[in-house]
Amino acid sequence: MEYNFKELESKWQQRWKENGTYHVEIDPARPKYYVLDMFPYPSGAGLHVGHPLGYIASDIYSRYKRQCGFNVLHPMGYDAFGLPAEQYAIQTGQHPAVTTERNITRYREQLDKIGFSFDWDREVRTCDPKYYKWTQWAFLKMFAHYYDRRLQKARPVEELVAAFDRNGTEGVDAACTSELHFTADEWRAMNEREREQTLQNYRLAFRADTMVNWCPQLGTVLANDEVKDGLSVRGGYPVVQKRMKQWLLRVTAYAQRMLDGLDALEWSDSLKEIQRNWIGRSVGAQVFFDVKGFGGKLEIFTTRPDTIFGVTFMVIAPEHEWVNPLTTPENKAAVEDYLEQTKKRSERERIAETRRVSGVFTGSYAVNPFTGREIPIYISDYVLAGYGTGAIMAVPAHDSRDYAFARHFGLEIIPVVEGGDISKESYDAKEGRLINSGFLNGLDVKEAIGVMFDEVEKRGLGKRLVNYRLRDAIFSRQRYWGEPFPICYKNDIATPLPETELPLELPSISDFGPTEEGEPPLARAEKWETADGYPLERSTMPGFAGSSAYYLRYMDPHNDHALVSREADDYWRSVDLYVGGIEHATGHLMYSRFWNMFLYDLGYVCEAEPFKKLINQGMIQGRSNFVYRVVGTNTFVSLGLKDRYETQEIHVDVNIVRNDQLDLEAFRAWHPEFADAEFILEEGKYICGWAIEKMSKSMYNVVNPDYIIEQYGADTLRMYEMFLGPLEQSKPWDTNGIDGVHKFLKRFWRLFFEGDALAVTDDAPTERELKTLHRTIRKVREDIENFSFNTSVAAFMICLNELGDCRKRAILEPLVALLSPFAPHISEELWHRLGHADSVCDAAYPVCEERYLVEQTFEYPVMINGKLRFKQEYDLSMTPDQIKADVVTRPVAQKWLDGKAPKKVIVVPGKIINIVF
RNA sequence: GCGGGUAUGGUGGAAUUGGUAGACACGUCAGACUUAGGAUCUGAUGCUUUGCAGCGUGGGGGUUCGAGUCCCUUUACCCGUACCA
């Protein structure tokens, strides 16, 4: 009987669908397990062979867990809001909802062919109003809460208002944009607008002015990668840095908890490290410097208070709020000139032009509180407005940037730490003894830092402070295809819509670009206002909004009364295994953790961390093929002969190349230009060159899974994707190797049949066959637990090689169950042919019986003189004397024994051979 | 610059975690069956050498009876991040 994969795969996919095989419900009688994939953005290009890698791995794990008796939640959905659909809409006028729907249909078709065990009844789409109702709901909750730093928890804004009513800011310790101080009387004296403005300083979702790349001609904010050389990439219009009112999420409030939470997560160290760096905690001191002839004190942040005696100047960021007050009349022109220069440059450019020293003197002087010396205050864009206080104390002797600046402007450099030569560069290391530093002299750096912290606090110059690099997330986009904000403006005061009015649906419009006045596309909607006539917010939420809590929605996707019911959340809790790409390390995976912690604080979810274990699948790269055209001709020369000609390398579609051999006819038909191509062959073949590159259309190396499934079947695709290499490693796709896996499945299939009849026998298996079976079971189980799917596929192949043509049910039946997570279609078919009525999905996963392994051989560590010396696998049929003889004759042992015989060789069946001398 | 990772045959990759390097698969070669083979099966296949033998896990050094694995050093590539005070 032929292995007709096409027929049996579509048959079972159909049956699974009809029978609801993958539908799951809460079942308190069984332990739950939640396996989640990062849901895809359904792009117009469809899936290529690299996309399903993670889905296949998670599907194998889900099926395995299910067969182990777990109630497995394994859902899928679509991250459907997003820029590409909108860009396409601006160009073509097609509504993004239409193209998105079309793309989703295409994705679903492709996914269905691979045989996943998704419970599609739980599908979510972020662009569905029933779904984004809960995105809006969470936003309203964030708007209505602030972060109490003392309780380390989000609390209702009403509590903050009550506190202000009682004592003003006295005793309030809340996460905020800037530290405010006012009394209860001052608070009570504020009008409604002032109060709201004050509260925005504390809300977890708030509006504030931030610097953005603004393109007046395009009428929109641009991301850094959309700007080049101060011009917009599209259109080439000037882009300026502009302060704009934007919605933000106060993720910084959760910085410490997000940092601490990492320790308990089963994520890769590299991923945790990326998040740690992103959060960027640093412990230092806040210090105030008096400014000569000026009322205020300049606040800076430093991690090196020990070097304060070496401060010879100060620098503030160009955006610092004191730039104007600190600038003296005679420096005004120069400062304005400098500000104009920096304004033109985007943040990215500032970064790209690394270490190009620039700056300007304000004319003002600060006073070093420890030396009493007057030090000049400069403005320079190497100081970032967004970090710390936007102002620094400069210690040129011990900071390379300050050093470069001091050299450039001829400022004084005073060494205060011994150990380096500062004639050519600064000495940044945190070791050495302090010099030129008054009471710190003689201390080493670490001691000095501690002493200085105390001294600064004692003298009332400042205090210890922890700073984070993490910044609040800008949450609004001047775009159409996103969630509308459930916010209206009453007399310009941002006012939340009542929850009962959610979802606030995206209005239908036909032109998706910004308006001529530079308003976001939603300004084009007719009547974009509340029923009582208040205007609604016109920007929409960014891409990460909809993906921040989707894993919760899967638990209870049809609930109209809550994001997730208490019951569902109590049962499913959090994601046990999350599989997805590392590119979301600082985006989605940060926002989701923030979002979840917030909901946790409010008591809506029972776990603080959403993703317990996380696996990052590697990228599948493309393997491109090349042909070599002799320059100036239409003649193509085979790889081995190309050095004899002057050639031009041309990408050729990998789908018309097999084992690097070009299909000449297909090549001529591929492109009109090549219709009359001539070839210079080697041994009658045209051999192509190849290279590993990103899989992309322009390299003609995209392999479509539909094509592979058509040729080899879904089971082969699934197993081959796993066989390619370690899951977490990037590796090239090479269709050439797929035959090996396909052959394996065909061989496995053939074992069951003699002609068209089932040929499985009930003969008793031999010890050897049982050993092979159980070793395979052990290996495969172990490998699945370790996500080492490539070696488990190899284990199946080894097993088949060892079994030869064993057709015994006692061996084959467990193998079918063992294989089913990897190749569900063929396994299901064989399972039924073996006489089972139920699905192989519910067949208990085979368990290794150790006795079949240990009864034949032992693996012993060998102790010589109490030290582990070598291991050897001994067959149990060997007597202790034989083992002894073997040990003694081994070269290693002989070296040790120096010719003498050991006194005793102890053979303990089970563990250890102890050799006594 | 900083942080993380990788390096093994012609190719993708194994290696029980310090114990016979190259499992498994591709490719290649040879053979069988075939009108045919991009089907199936069998065998060979790290390199050098006719052979004996020697050399082999990016390079150099070290620890050890024994190193792909541990330590030091160095090179190349990949990823993340970037003036974070």
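Numbered from 1 within each chain, the chains take letters A, B, ... in sequence-line order.
By the 30° and 60° cut-offs, the orientation of the rings of A:F744 relative to A:F796 is tilted. Ring geometry for A:F753 versus A:W749: interplanar angle of 30 to 60°, hence tilted. Below 30°, between 30° and 60°, or above 60°: for A:Y387 and A:F301 the angle between ring planes is above 60°, a perpendicular geometry. The aromatic rings of A:Y378 and A:F405 lie perpendicular to each other, with more than 60° between the two planes, well past the 30° mark.
B:rG18 makes up no base pair with any nucleotide shown, lacking Watson-Crick or G-U wobble contacts both under 3.5 Å. Across all strands shown, B:rU64 has no partner, as no Watson-Crick or G-U wobble contact with both distances under 3.5 Å is found. The nucleotide B:rG1 finds its pairing partner in B:rU81, both defining distances of the Watson-Crick or G-U wobble pair being shorter than 3.5 Å. The partner of B:rC55 is B:rG46, judged by Watson-Crick or G-U wobble contacts that both fall below 3.5 Å. Here B:rG31 sits opposite B:rC41 as a Watson-Crick or G-U wobble pair (both hydrogen-bonding atom distances under 3.5 Å). Checking B:rA25 for Watson-Crick or G-U wobble geometry (two distances, each under 3.5 Å) identifies B:rU11 as its partner.
Looking at A:E782 and A:K779, no side-chain N of the basic residue comes within less than 4.0 Å of a carboxylate O on the acidic one, giving no salt bridge.
Atom name C1', nucleotides B:rG13 and B:rG61: the rounded distance is 29 Å, in whole Å. B:rU16 and B:rU69 have their C1' atoms separated by 13 Å, with the value rounded to a whole Å. B:rG56 and B:rA21 have their C1' atoms separated by 9 Å, given to the nearest Å. Across B:rC29 and B:rG9, the matching C1' atoms stand 16 Å from one another, rounded to whole Å. The gap from the C1' atom of B:rA14 to that of B:rG46 amounts to 15 Å, rounded to the nearest Å. A gap of 44 Å separates the C1' atoms of B:rG18 and B:rU40, to the nearest Å. The gap from the C1' atom of B:rC70 to that of B:rU64 amounts to 10 Å, rounded to the nearest Å. When the C1' atom is used for both B:rA15 and B:rA25, the distance is 16 Å, rounded to whole Å.
If you find the closest nucleotide of RNA chain B to A:K743 and to A:G725, the one lying nearer the 5' end belongs to A:G725. Comparing A:E273 and A:S788 along RNA chain B, the residue whose closest nucleotide (by nearest heavy atom) sits nearer the 5' end is A:E273.
In this model, the phosphate group of B:rA85 is approached by a side-chain N or O of A:Y387 to a distance below 4.0 Å at OP1 or OP2. Residue A:R750 places at least one side-chain N or O closer than 4.0 Å to OP1 or OP2 of B:rC41.
To the nearest angstrom, C1' of B:rG27 lies 16 Å from CD1 of A:I738. Whole-Å rounding puts the A:L465 CG to B:rA85 C1' distance at 13 Å. Atom CG in A:L271 sits roughly 11 Å away from atom C1' in B:rG80 (whole-Å rounding). At whole-Å resolution of the value, CD in A:E583 and C1' in B:rC79 are 12 Å apart. When the P atom of B:rU42 is taken as reference, atom CG of A:N801 falls 9 Å away, rounded to whole Å. For the pair A:D381 CG and B:rA82 C1', the interatomic distance rounds to 15 Å; values are reported in whole Å. Distance CD1 (A:I274) to P (B:rG5): 11 Å, rounded to an integer number of Å.
Contact detail for A:K272 and A:L265: the closest heavy-atom pair is NZ-O, 2.8 Å.
Of the listed nucleotides (B:rC24, B:rG4, B:rG13), B:rG13 has the atom at the smallest distance from the side chain of A:P732.
Across all strands, A:N790 comes closer than 4.0 Å only to sugar-phosphate atoms, never to a base (heavy-atom distances).
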